[in-house]
There are 2 protein chains.
Amino acid sequence: MVTIYDIAKKANVSAMTVSRVINQAENISDKTRKKVEDIIKELNYVPNNSARSLISKKTKILSLMITDIANPFFTNVARGAEDKAMQMGYQLMLCNSDESVEKESKYVDMLISTGADGVLIAPANDSSKKNIRKLTKYNIPVVLIDRHIKDLKCDQVLSDNETTTRRLMEHLIGQGHKNIAIINGPPDVATTQDRYRAYHDTLTLHGLPVNRKLIHHSHFFRDSDLSTTIKLMMELPKNERPTAMFATSNFIGLNIVKSLQKNNVKVPEDVAVVCYDGVPNYTGSEPFLTAAEQPSYNFGYMGMQMLIERIENTAPEQPRKIVLPAEFNIRASSLYKRN
Amino acid sequence: MVTIYDIAKKANVSAMTVSRVINQAENISDKTRKKVEDIIKELNYVPNNSARSLISKKTKILSLMITDIANPFFTNVARGAEDKAMQMGYQLMLCNSDESVEKESKYVDMLISTGADGVLIAPANDSSKKNIRKLTKYNIPVVLIDRHIKDLKCDQVLSDNETTTRRLMEHLIGQGHKNIAIINGPPDVATTQDRYRAYHDTLTLHGLPVNRKLIHHSHFFRDSDLSTTIKLMMELPKNERPTAMFATSNFIGLNIVKSLQKNNVKVPEDVAVVCYDGVPNYTGSEPFLTAAEQPSYNFGYMGMQMLIERIENTAPEQPRKIVLPAEFNIRASSLYKRN
DNA sequence: CTGTTAGCGCCTTCAA
DNA sequence: TTGAAGGCGCTAACAG
């Protein structure tokens, strides 16, 4: 390994001078700078970040902690985050928590050990609070994306849960639906709670009842069979039976549609479906599912920007909150007017 | 920051003893070990990896260099790579090269600086050789995935380009197609070359002509309009006009189908389409495109495994080559028999 | 403008 | 089984 001392010796200067050249210091004569730079190139010298970090306490390493990179929402988040990180001279560590606070905790320890300069995190659930607290305790700035956590003061990039849910619901109500089911995520996740509240409030606002039998919690995984839930709901007496379903996340929406079809319930004739968040359309054909598409790339990009500003102390002291609106795409799955 | 000295002082032992406890050394009395461990927990001590790396020259950081995490093939590669890395106690750095050797080169320098223990890479193109050479020059093991590079001796996980291409082609030939176009990737990428060769050989083997007018190079990006190419081909005299197209990558396949439809060419009636590699089906409906689906997760998982074995010196000295077969899914886009 | 000294947190080596 | 000294590669602080 080539060190600054090797460079120094060959250039007949001190190691300090080499260090100055590397760090673009001002007070160096052009001659020595040139000489040192030439030798650096000649010997293929690359500075050792471990040594630098030991002194500076900075690693230029950031982390993106998400639940699963294979979920298209997070795939785009990652792409946005990495773009911004690279642009600002940072490297990005990828961590998949799989919705598990324990796995998250392992990563947190690794990140502290590594000396990550900051973490952009979509927390697994409300219990992630202790993981995040641990990070901040070690002075590692954290920016929350997608899911906020109560009583945790930090920058965040969130979806406009209230507006988006309301608009999806009002679309259904406008189509004449009265019994609207909600297939939601796990109860201990912020988005689940916020979207439920907006669901509840919108129903109430429009004078519609909130029926506990039409509320179901699923998980976020791809490919889960919701047949049992659907059967239970479809066997309700006609005055309670849902004619529409609100899925609070992308995979839940897909799973509902699949499970409905599997159980011979026609979409949208028997049951209309709307979905919070979408998925990429990889087919040539028209997408089917009505969805409020989130600007996922920007969750990553803007989150990263806030994180780096926080790290580099160019951010206002007060925690900032960015709320990103969704884009509505009304499609066939919810287009069937009822009386 | 808590250091081993803080622990040592509080435990009335030397820093060395603390270090031994951390590193699970054998020769420590149970009593002192217990005492030290308790204090470590009490003070929330986390070892400083920069300091450790400075001595050990190991960072427990690996890199995954791919062209774009948003391509579903690489999304799954990333998931597989990260799973294996985490399982073996490594962290994973994500790098998107965007098919650019220059961007790749920047990442390489950062990775050398960071002291990455190894790199799993899908090289941008043949010119990536110098980037990889640089890594190996710094004794950073490299494992190639998806794209090999001539005269570069290292472990690799590749697709079975020859067999897969041949089977896709023979499926088309079996359907009665004689003029089969190939919409390939950029010429300087290994998979482009290998798949072209197999395309060429299969045609020849079956006594079919290879027509230069039916050979087109596209790039790998999502959403590119292939209308010009398609028009040119469809305006050929009937005896040369393609009745089938072989797309050598997932997004190319999608772009072809879209562009064909846009130009009022019916798939599969006018032109059948087969595709090397697939995309996730996020719709409830049947997928349309005939595809040889690659076990992308395993590219990442097995590649990572080989990389870690190489790093930890548990691999045979000879470079290994794993060839993963594809799964054939014949679908509507190629099911239309010709005479 | 350039060099010297000391030390970041940890571990290797040797000694007790 | 434990400890002391020295150094990994680099840079802050000071000196010249």
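Note on naming: letters A, B, ... go to the chains in the order of the sequence lines (proteins, then strands), and numbering restarts at 1 for each one. Computed from a predicted model, the values in this text were never measured in an experiment.
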Kindly write out the residues that satisfy ring-ring contact (aromatic ring centres under 6.0 Å, His included) with F220(B), not counting sequence neighbours, or none if the list is empty.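 Result, ring-ring contact (aromatic ring centres under 6.0 Å, His included) vs F220(B): none returned.
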Sort and list the pairs that fulfil salt bridge (charged side-chain N to carboxylate O under 4.0 Å, His left out) and have at least one residue in residues 115-144 of chain B, not counting sequence neighbours. D109(B)-K134(B)
Considering the terminal five base pairs at each end of the helix from dC1(C)-dG16(D) to dA16(C)-dT1(D), what angle separates the two local helix axes, rounded to 10°? 30°
Return a table of donor-acceptor pairs under 3.5 angstrom between the side chains of residues 299-311 of chain B and protein atoms on other chains or two or more places apart.
residue: Y301(B); atom: OH; partner: Q87(B); partner atom: OE1; Å: 3.0
residue: E309(B); atom: OE1; partner: R320(B); partner atom: NH1; Å: 2.5
residue: R310(B); atom: NE; partner: D155(B); partner atom: OD2; Å: 2.9
residue: R310(B); atom: NH1; partner: P316(B); partner atom: O; Å: 2.9
residue: R310(B); atom: NH2; partner: D155(B); partner atom: OD1; Å: 3.0
residue: R310(B); atom: NH2; partner: D155(B); partner atom: OD2; Å: 3.1
residue: R310(B); atom: NH2; partner: P316(B); partner atom: O; Å: 3.2
residue: R310(B); atom: NH2; partner: Q318(B); partner atom: O; Å: 3.4

Give every donor-acceptor pair under 3.5 Å between a side-chain atom in residues 39-47 of chain B and any protein atom, sequence neighbours left out.
residue: E42(B); atom: OE2; partner: K10(B); partner atom: NZ; Å: 3.0

Least distance between heavy atoms, T192(B) atom then P186(B) atom: OG1-O, 2.8 Å
Can you give me the closest heavy-atom contact between T75(B) and A70(B), atom names plus distance?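 Scanning both residues, the minimum pair turns out to be OG1-C, 4.2 Å.
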Grab the CG-C1' distance between L54(B) and dT11(D) for me, whole Å please. 13 Å
Start and end of the DNA chain C segment that chain A contacts, any atom under 4.0 Å from a heavy atom: dC1(C) to dG9(C)
Distances for protein N or O near nucleotides 3-7 of chain D N or O, under 3.5 Å:
residue: dG3(D); atom: OP2; partner: S14(B); partner atom: N; Å: 2.8
residue: dG3(D); atom: OP2; partner: S14(B); partner atom: OG; Å: 3.0
residue: dG3(D); atom: OP2; partner: T17(B); partner atom: OG1; Å: 2.4
residue: dG3(D); atom: N7; partner: R20(B); partner atom: NH1; Å: 3.2
residue: dG3(D); atom: O6; partner: R20(B); partner atom: NH2; Å: 2.5

Would you say the side-chain atoms of S29(A) and T32(A) include a donor-acceptor pair closer than 3.5 Å? yes
Presence of S56(A) side-chain N/O under 4.0 Å of dT11(D) phosphate oxygens OP1/OP2: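 Indeed not, no polar side-chain atom of S56(A) lies that close.
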Does K57(B) have a side-chain nitrogen or oxygen under 4.0 Å from the phosphate oxygens OP1 or OP2 of dG9(D)?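 Answer yes for this pair, as a side-chain N or O of K57(B) is under 4.0 Å from OP1 or OP2.
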Is T32(B) touching bases, backbone alone, or none of the nucleic acid, heavy atoms closer than 4.0 Å? sugar-phosphate
Report which part of the nucleic acid I28(B) touches: base, sugar-phosphate, or nothing (heavy-atom distance under 4.0 Å, all strands). sugar-phosphate
Contacts of R79(B) meeting side-chain hydrogen bond (donor to acceptor under 3.5 Å, both in side chains) (sequence neighbours excluded), chain-then-number -> D68(A), D98(A), D83(B)
Kindly write out the residues that satisfy side-chain hydrogen bond (donor to acceptor under 3.5 Å, both in side chains) with S56(A), not counting sequence neighbours, or none if the list is empty.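 side-chain hydrogen bond (donor to acceptor under 3.5 Å, both in side chains) check on S56(A) returns nothing, list empty.
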Partner set under side chain to side chain contact (heavy atoms under 4.5 Å, CB included) for S53(A), not counting sequence neighbours: T59(A), S50(B)
Those residues of residues 42-53 of chain B lying under 4.0 Å from DNA chain D by at least one heavy atom: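 The answer is none.
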Sorted by first residue and then second, give each ring pair (Phe, Tyr, Trp, His ring centres under 6.0 Å) pair with at least one member in residues 103-141 of chain A; sequence neighbours left out.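 Counting only pairs at least two positions apart or across chains, no ring pair (Phe, Tyr, Trp, His ring centres under 6.0 Å) contact touches residues 103-141 of chain A.
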Please check if the number of heavy atoms outside K106(A) that lie under 6.0 Å from its NZ is greater than 12.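 12 or below, so no.
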Going from CE on M110(B) to CD on Q91(A), what distance comes out if it is rounded to the nearest 0.5 angstrom? 4.5 Å
